[in-house]
Amino acid sequence: MQEHKIINVEEAASLLSAGEVVVIPTETVYGLAANMYNEAALSKIYALKGRPSSNPLIVHIPAADHIYKVAINVPEIALTLAEVFWPGPLTMVLEKREDVSDIISAGQSTVAVRIPDHPLALALLNCIDFPLAAPSANPSNYISPTTIEHVQRGFRNAGLPMVDGGPCTKGIESTVIGFGNNSIVIYRYGAIAVEALEFVSGLPVLPPEFTDKTPSPGMTIKHYSPHTKVIVTDHVQGFLNSNIYRRTGILSLSNFFTHPSICKHIRLSETGNLDEAARNLFASLHEMDTCDLDCIICEKMPEMGLGKAINDRLQRAAANQ
Ligand code: TXA
Ligand code: MG
């Protein structure tokens, strides 16, 4: 088995310049990064993740004026949102420059871009002269990584160089948006709440089905899935009472449940805080997945703030199981 190598920012910069793929921390989840101009390195990302080539990558830049390295015809509203939310977990889908590789855009005419809000990611981006294309550092469809240990578990034999930035402070991926006619199109719910986007932009935030846009190619229903079966319900206790499983895990916001089949019970936030719950979500699913459970019963979150993003991930984790 090849050992993973923990490296510092300078070493990461030189490996990335030499066309290597490097694991980097961000405030949302860990990323699997490559020089956006190196197509061999971009292809390596897809191969490592087992990611379909139809699923485009996010480009990471160190400052807002670098947006023009990847995008053209940037709408005014995008610049306003960048000013408020960058660095931070907001990814904007914009018209792409011609020199952005089709490997990044998955053949589309758009590119997704953000500035990560993590000191090591920013230090790294500031000492290289190219943006970094980076998806989440998990095998395709598995739970996203919020610690370096999660990445190591996901890519056991890959011998990847990694920058350890500690546990991710947001713990759920960036919100991915585009721009429609007098609306913001939401491609993926994430760490910036819909309410915040509506407040700052004064525009309605709509899923692509309600606009003239098509859904993001990456948002297949099944995703973020532990190996253990996942069930999402509003009625955890009722489900437990008719439970056919021997070893059950419970993932709730703050409620306690009791039943003889419960072997593991994680409350995402004792105070019912949805930001804290989002931060703990993937780490809790990773932990549950090592507990030899028959199923993980997840309590549906309130559909507000980051509750929307958590419910989205839980529903995708439960799909097709
Ligand atoms: O928080 C994050 O966004 C993390 C960190 C590493 O930055 N990255 C991440 O990347 O979650 P990934 O590849 O796991 O998810 C990217 C999402 C996918 O749903 C993809 O389909 C969407 O962004 N996306 C990328 N480019 C797009 C485009 N041109 N149009 C629509 N959706 C796009
Ligand atoms: Mg991902």
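Residues take their numbers from the sequence shown, with the count starting at 1. Every number for a ligand or one of its atoms is a count from 1 in the order of the listing.
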To check your reading of the model: name the closest protein heavy atom to [atom], its residue, and the distance in Å.
{"atom": "atom 22 (C) of ligand 1", "value": "Ser216 OG, 3.5 Å"}
{"atom": "atom 11 (O) of ligand 1", "value": "Arg188 NH1, 3.0 Å"}
{"atom": "atom 19 (O) of ligand 1", "value": "Met219 SD, 3.4 Å"}
{"atom": "atom 29 (N) of ligand 1", "value": "Thr110 OG1, 3.0 Å"}
{"atom": "atom 7 (O) of ligand 1", "value": "His60 NE2, 2.7 Å"}
{"atom": "atom 9 (C) of ligand 1", "value": "Ser136 N, 3.7 Å"}
{"atom": "atom 18 (C) of ligand 1", "value": "Asn55 OD1, 3.8 Å"}
{"atom": "atom 23 (O) of ligand 1", "value": "Val176 CG2, 3.8 Å"}

Within the 4.0 Å heavy-atom shell around [X], which atoms of ligand 1 are there?
{"X": "Ala112", "value": "25 (C), 26 (N), 27 (C)"}
{"X": "Thr28", "value": "1 (O), 2 (C), 4 (C), 5 (C)"}
{"X": "Val93", "value": "28 (C), 29 (N), 30 (N), 31 (C)"}
{"X": "Gln108", "value": "28 (C), 29 (N), 30 (N)"}
{"X": "Gly31", "value": "6 (C)"}

So, is [X] polar-close to ligand 1, with some N/O to N/O distance under 3.5 Å?
{"X": "Thr91", "result": "no"}
{"X": "Ser174", "result": "yes"}
{"X": "Tyr30", "result": "no"}

Practice item. For Glu27 and Cys168, run side-chain contact (heavy atoms from CB on, under 4.5 Å): C-alpha distance rounded to whole Å, both residues' side-chain angles, the deciding distance at 0.1 Å, then the answer. Key: CA-CA 5 Å; Glu27 81 283 31; Cys168 301; 6.0 Å; no
Exercise for review: Could you tell me whether Ile58 approaches ligand 1 through its side chain, its backbone, both or neither, with non-hydrogen atoms closer than 4.0 Å?
Suggested key: side chain
Exercise for review: Between Glu173 and ligand 1, find which residue part has any heavy-atom pair under 4.0 Å and reply side chain, backbone, both or neither.
Suggested key: both
Please check if [X] and [Y] belong to a single hydrophobic cluster, counting links between Ile, Leu, Val, Met, Phe, Trp and Tyr side chain heavy atoms closer than 4.5 Å.
{"X": "Val93", "Y": "Leu81", "answer": "no"}
{"X": "Ile172", "Y": "Trp86", "answer": "no"}
{"X": "Leu42", "Y": "Val21", "answer": "yes"}

**Study point:** Heavy-atom proximity to atom 13 (O) of ligand 1, best of Lys49, Lys213, Arg51
**Key:**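 It is Arg51 that holds the nearest heavy atom.
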Between the side chains of [X] and [Y], is a donor N or O closer than 3.5 angstrom to an acceptor N or O?
{"X": "Gln237", "Y": "Asn241", "result": "yes"}
{"X": "His235", "Y": "Thr233", "result": "no"}
{"X": "Thr110", "Y": "Glu95", "result": "no"}

Review point. Can we say Lys308 and Asp312 salt-bridge, meaning some charged N sits less than 4.0 Å from an Asp/Glu carboxylate O?
Key: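 Result for this pair is no, no salt bridge flagged.
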Point to revise | Shortest non-hydrogen contact between Pro161 and Ile7, atoms and distance | key: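 Residues Pro161 and Ile7, closest heavy atoms: CB-CD1, 3.8 Å.
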Check your understanding: Should Lys96 be listed as contacting ligand 1, given a heavy-atom distance under 4.0 Å as the test?
Key -> no
Check your understanding: Hey, mind stepping through Asn138 and Ser136 against side-chain hydrogen bond (donor to acceptor under 3.5 Å, both in side chains) and telling me if it holds?
Key -> CA-CA 6 Å; Asn138 52 310; Ser136 51; 2.6 Å; yes
Review point. Knowing that exactly one of Leu125, Ile61, Asp117 qualifies, which makes a side chain to side chain contact (heavy atoms under 4.5 Å, CB included) with Pro87?
Key: Asp117
Point to revise | cation_pi(Arg313, Tyr224) dist<6.0 Å, angle<=45 | key: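 Positive - Arg313 is close enough to the ring of Tyr224 and near enough to its axis.
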Review point. Is the distance from the Mg ion (ligand 2) to some N, O or S atom of Ser136 under 2.8 Å?
Key: yes
Review point. Going through the checks in order, is the side-chain contact (heavy atoms from CB on, under 4.5 Å) test met by Val236 and Asn255?
Key: CA-CA 10 Å; Val236 173; Asn255 287 326; over 6 Å; no
